[in-house]
Amino acid sequence: MASFVDRVIVHATGGNGGHGCVSVKREKFKPLGGPDGGNGGDGGSVILRVDGQSTTLLGFHHAPHQKAPNGEPGKGDMRHGFKGQDLVLSVPDGTVVKDRQGNVLADLLGEGSEFVLAGGGQGGLGNAALSSPKRKAPGFALLGVPGEEHQVELELKSIADIALVGFPSAGKSSLIAAMSAARPKIADYPFTTLVPNLGVVQAGDTRFTVADVPGLIPGASEGKGLGLEFLRHVERCAALVHVIDCATLEPGRDPLSDLDALEQELSHYAEAIRDDDPTTIPLTERPRLVALNKVDVPEARELAEFIRPELEERGYPVFEISTASHAGLRELGFAMAELVSRAREQEEQREEQRRAETVLRPEPVRRRRGKDRKEFEITREDRAGEPLYHVRGVKPERWVQQTDFNNDEAVGYLADRFAKLGIEDELFRIGARPGNAVLIGPEDNGVVFDWEPTMVGGAELLGGPRGSDLRLEDTSRPTRREKREQFHDRMDAKAEARAELEEQRRAGIWTESVDDARDRRRTSEPKETHDSE
């Protein structure tokens with residue numbers, strides 16, 4: 001069973017916010033004492049925190065799904081729900097958080113460093129918090145917002161001062177065991193070391209850590225062997241020590257070719273990681289030491305003495321050591337300590353320089369409020385020949401999640417919030433018509449509805465632009481002459497209608513003249529009035 005894991009996939013989910021409560025205070029002699037529904041509590045967050053006691057990501061390998069507790073819903077009598085407790089996950093120092101596309105989200109260095117992996121959802125407001133002078137007794141409450149969901153990759157890069165690199169069975173694990181209290185697995189077959197080993201070395205007043213990287217072979221930067229999986233552990237080291245096996249019996253291998261192969265693989269890997277963090281010092285530019293191991297063998301000592309001048313000409317400090325007899329380990333330890341002390345001093349100088357630099361910061365831009373502040377964005381899309389207006393924004397999407405669509409009053413409250421935010425005005429401006437489909441939120445879980453604008457004054461029914469009334473566009477008044485002409489036109493029209501009816505009577509269509517009927521009505525009206533009296 002694996003005991004060391006340096007790369008895992010974690011599915012983190014924040015806690016959901018608690019729902020708000022709908023309640024009305026009822027006491028004796030106070031049947032309607034007003035709304036008293038409490039607010040829901042916020043959901044807990046999933047937080048990564050560096051812990052000095054953690055050395056591996058094995059826990060996430062067995063439990064990749066992590067979820068924080070939900071917030072408690074509100075209750076009546078103004079009792080608010082409790083906030084969900086944050087879920088704090090301990091990770092080793094040097095953990096890098098990446099998204100699924102490989103982008104670095106956080107680099108956790110130093111004990112106590114934190115990163116919020118998935119935030120908790122916001123709790124919903126109760127009807128007591130939603131009451132106002134215009135809405136004295138709301139019959140609805142806001143729902144809690146679901147927590148965030150993220151899938152990330154955790155990658156461990158060991159924090160060590162010195163990295164030991166070399167071919168398999170070069171004696172790197174034996175060197176750590178000889179110089180520190182670490183007891184890694186040691187055997188006489190290749191790839192004995194399957195996981196990086198760390199050891200603490202004390203040289204004089206300097207204490208530093210040494211990391212043993214599994215053996216490198218030609219092509220490790222391209223995925224061969226185990227080196228590529230663990231080369232990330234040398235990225236944070238201040239110096240490198242090439243451990244060269246001078247007693248190897250493999251054909252075609254010698255210390256110089258081994259050193260050239262190691263340098264080539266490191267350079268290839270340095271080019272691959274340069275794009276991730278261009279500010280770091282490349283691996284090819286970091287200090288190096290060469291340790292010619294196994295000089296307790298006579299043939300190996302002769303070979304080490306033979307190639308040492310050539311290595312020194314290349315600029316490498318060379319040390320002849322033996323992990324079996326501990327020869328040369330003291331000198332190598334003090335040389336490592338000197339490199340570590342020099343690197344620490346340079347880091348302190350860079351830190352002081354960064355603090356001493358004068359940074360000119362512009363005044364913060366004040367966030368706009370009101371209509372000038374852009375809280376949403378609306379885009380038009382064509383779906384099956386029909387327009388679809390897609391609304392995206394933090395506030396509108398959160399408001400939709402907080403709305404109980406089974407409650408008409410809650411839906412009306414959502415419409416009022418949209419109108420106040422300016423969504424309706426923007427829809428009118430870009431040419432939306434009543435009945436068009438509107439999508440709020442992402443494609444997969446957004447809310448789609450047929451838009452019906454809020455009726456304010458009835459002018460929208462006239463088909464004109466928002467804020468205009470077609471009935472008020474014609475503001476001219478007729479003159480007296482025009483009125484007289486209109487009166488005569490109406491009289492002429494009536495005379496023509498009576499003449500047409502008279503012609504129809506003479507033709508046998510009507511039995512009574514229009515004029516006679518009119519005269520008869522006029523003569524009969526006073527008589528009928530007298531009889532009624």
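Below, all heavy atoms of this structure are taken into account, side chains as well, without hydrogens, waters or symmetry copies.
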Visitor: Run Phe115 and Val91 through side-chain contact (heavy atoms from CB on, under 4.5 Å) and show every step you take.
Guide: CA-CA 11 Å; Phe115 175 71; Val91 295; over 6 Å; no
Visitor: Evaluate whether atom CD of Gln151 has more than 12 neighbouring non-hydrogen atoms of other residues, nucleotides or ligands under 6.0 angstrom away.
Guide: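 Count over threshold, so yes.
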Visitor: Can you measure from NE2 (His488) to CZ (Arg484) and round to the nearest 0.5 angstrom?
Guide: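 So the gap between those two atoms works out to 6.5 Å.
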Visitor: Step through the shown structure and confirm whether more than 12 heavy atoms of other residues, nucleotides or ligands are within 6.0 Å of CD on Gln53.
Guide: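 Count not over threshold, so no.
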Visitor: Please determine whether side-chain contact (heavy atoms from CB on, under 4.5 Å) holds for the pair Phe418 and Ile440, giving the CA-CA distance in whole Å, both sets of side-chain angles, and the decisive distance to 0.1 Å.
Guide: CA-CA 11 Å; Phe418 283 167; Ile440 298 181; 3.3 Å; yes
Visitor: Does Gly81 offer a backbone N or O that forms a donor-acceptor pair with the side chain of Glu72 under 3.5 Å?
Guide: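 Checked: no pair found.
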Visitor: Check whether more than 12 heavy atoms from other residues, nucleotides or ligands sit under 6.0 Å from atom CZ of Phe82, and answer yes or no.
Guide: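 Check fails, neighbour count at 12 or below.
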Visitor: Rounded to the nearest 0.5 Å, how far does NZ of Lys98 lie from CG of Asp107?
Guide: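 Rounded to the nearest 0.5 Å, the CG-NZ separation comes out at 9.5 Å.
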Visitor: For a 4.5 angstrom cut-off between non-hydrogen side-chain atoms, does Ile9 reach Pro64?
Guide: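 Not touching, per the 4.5 Å side-chain cut-off.
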Visitor: Write down the atom of Asp42, the atom of Gly123, and the distance for their closest heavy-atom approach.
Guide: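 Minimum heavy-atom contact is OD1-N, 2.8 Å.
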Visitor: Please determine if Glu386 and Arg383 form a salt bridge, counting it only when a charged side-chain N lies under 4.0 Å from a carboxylate O.
Guide: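 The answer is no: the pair does not qualify as a salt bridge.
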Visitor: What heavy-atom pair brings Glu375 and Pro396 nearest, and what distance separates the two atoms?
Guide: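 For Glu375 and Pro396, the tightest heavy-atom pair comes out as O-CD, 4.0 Å.
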Visitor: Hey, do the aromatic rings of Tyr413 and Trp399 have their centres closer than 6.0 Å?
Guide: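 No, the ring of Tyr413 stays outside the 6.0 Å limit from the ring of Trp399, centre to centre.
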Visitor: Are Arg481 and Glu485 close enough for a salt bridge, meaning some N to O gap below 4.0 Å?
Guide: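 Yes, this pair counts.
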Visitor: To the nearest 0.5 Å, what is the distance between CD on Glu409 and CZ on Arg135?
Guide: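 Glu409 CD to Arg135 CZ: 6.5 Å, rounded to 0.5 Å.
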Visitor: Give, for atom CD of Gln66 and atom OG1 of Thr13, the distance between the pair rounded to the nearest 0.5 Å.
Guide: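 Result: 9.5 Å between the selected atoms.
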Visitor: Would you confirm whether Asp425, through its side chain, and Gly422, through its main-chain N or O, come within 3.5 Å as a donor-acceptor pair?
Guide: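 Pair absent, no side-chain N/O of Asp425 close to backbone of Gly422.
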Visitor: Looking only at atom types and distance, does a side-chain atom of Ser45 sit under 3.5 Å from a main-chain N or O of Gly120, one as donor and one as acceptor?
Guide: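 Such a contact is found between Ser45 side chain and Gly120 backbone.
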Visitor: Is a donor on one side and an acceptor on the other found under 3.5 Å between the side chain of Asp86 and the backbone of Val88?
Guide: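 Not a single qualifying donor-acceptor pair exists.
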Visitor: How far apart are the C-alpha atoms of Val97 and Leu154, what are their side-chain angles, what is the distance that settles it, and do they pass the side-chain contact (heavy atoms from CB on, under 4.5 Å) test?
Guide: CA-CA 5 Å; Val97 185; Leu154 302 184; 3.8 Å; yes
Visitor: Please check: side-chain N/O of Asn39 versus main-chain N/O of Gly20, any donor-acceptor pairing under 3.5 Å?
Guide: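 No, Asn39 side chain to Gly20 backbone: no donor-acceptor pair under 3.5 Å.
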Visitor: How close do Pro287 and Ala238 get, heavy atom to heavy atom, and via which atoms?
Guide: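 Pro287 and Ala238 have their closest heavy atoms at CD-O, 3.3 Å.
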Visitor: So do the side chains of Val10 and Leu117 get within less than 4.5 Å of each other, counting heavy atoms only?
Guide: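 Yes, at least one pair of side-chain atoms sits under 4.5 Å.
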Visitor: Within the structure provided, determine whether Lys25 and Met78 are in side-chain contact (heavy-atom separation under 4.5 Å).
Guide: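 Contact flag for Lys25/Met78 side chains = no.
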Visitor: How far apart are the closest heavy atoms of Ile378 and Tyr389, and which atoms are they?
Guide: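 Closest pair (atom of Ile378, atom of Tyr389, distance): CG2-CB, 4.2 Å.
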Visitor: So Arg417 and Lys420, do their side chains get closer than 4.5 Å, heavy atoms only?
Guide: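 No; the side chains remain at least 4.5 Å from each other.
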Visitor: Do the side chain of His80 and the main chain of Gly74 share a donor and acceptor less than 3.5 angstrom apart?
Guide: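 Here the side-chain-to-backbone pair does not exist.
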Visitor: Do Gln401 and Pro146 make a side-chain contact, defined as non-hydrogen atoms from C-beta onward lying under 4.5 Å apart?
Guide: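 Touching, per the 4.5 Å side-chain cut-off.
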Visitor: To the nearest 0.5 Å, tell me how far Phe428 CZ sits from Arg433 CZ.
Guide: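 Spacing of CZ (Phe428) from CZ (Arg433) equals 9.0 Å.
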Visitor: With rounding to the nearest 0.5 angstrom, report the CD to CD distance, Glu153 to Gln101.
Guide: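 Nearest 0.5 Å value for the CD-CD distance: 11.0 Å.
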Visitor: What residue among Glu397, Glu381, Glu377 forms salt bridge (Lys or Arg N to Asp or Glu O under 4.0 Å) with Arg392?
Guide: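 The option that passes is Glu397.
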Visitor: Are Leu262 and Phe167 close enough that some pair of their side-chain heavy atoms sits under 4.5 Å apart?
Guide: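 With C-beta onward as the side chain, the pair touches.
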Visitor: Using atom types as modelled and distance alone, determine if a side-chain donor or acceptor of Arg286 lies under 3.5 Å from a backbone N or O of Leu240.
Guide: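 Not at all, since once roles are kept as given, no pair shorter than 3.5 Å links the two residues.
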Visitor: So do the side chains of Phe140 and Leu130 get within less than 4.5 Å of each other, counting heavy atoms only?
Guide: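 Sidechains of Leu130 and Phe140: in contact.
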Visitor: Please check if the side chain of Asn16 supplies one atom and the backbone of Gly144 the other of a donor-acceptor pair under 3.5 Å.
Guide: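 Pair absent, no side-chain N/O of Asn16 close to backbone of Gly144.
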Visitor: Is the closest side-chain heavy-atom distance between Pro92 and Leu57 below 4.5 Å?
Guide: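 Heavy-atom side-chain distance check passes, below 4.5 Å.
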Visitor: Can you give me the closest heavy-atom contact between Asn127 and Ala141, atom names plus distance?
Guide: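 Closest heavy-atom pair between Asn127 and Ala141: N-CB, 4.1 Å.
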Visitor: What's the verdict on side-chain contact (heavy atoms from CB on, under 4.5 Å) for Arg380 and Ile430, showing C-alpha distance, side-chain angles and the deciding distance?
Guide: CA-CA 9 Å; Arg380 174 172 174 167; Ile430 63 179; 5.5 Å; no
Visitor: Without swapping roles, check the side chain of Asp161 against the backbone of Thr209 for a donor-acceptor pair under 3.5 Å.
Guide: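 Flag set: sc Asp161 to bb Thr209 pair under 3.5 Å.
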Visitor: Taking all non-hydrogen atoms of both residues, which atom of Leu156 and which atom of Thr95 are closest, and how far apart?
Guide: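 Heavy-atom minimum between the residues: CD1-OG1, 4.0 Å.
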Visitor: Counting only N and O atoms by type, is there a donor-acceptor contact under 3.5 Å from the side chain of His390 to the main-chain atoms of Gly441?
Guide: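 Yes: the side chain of His390 pairs with the backbone of Gly441.
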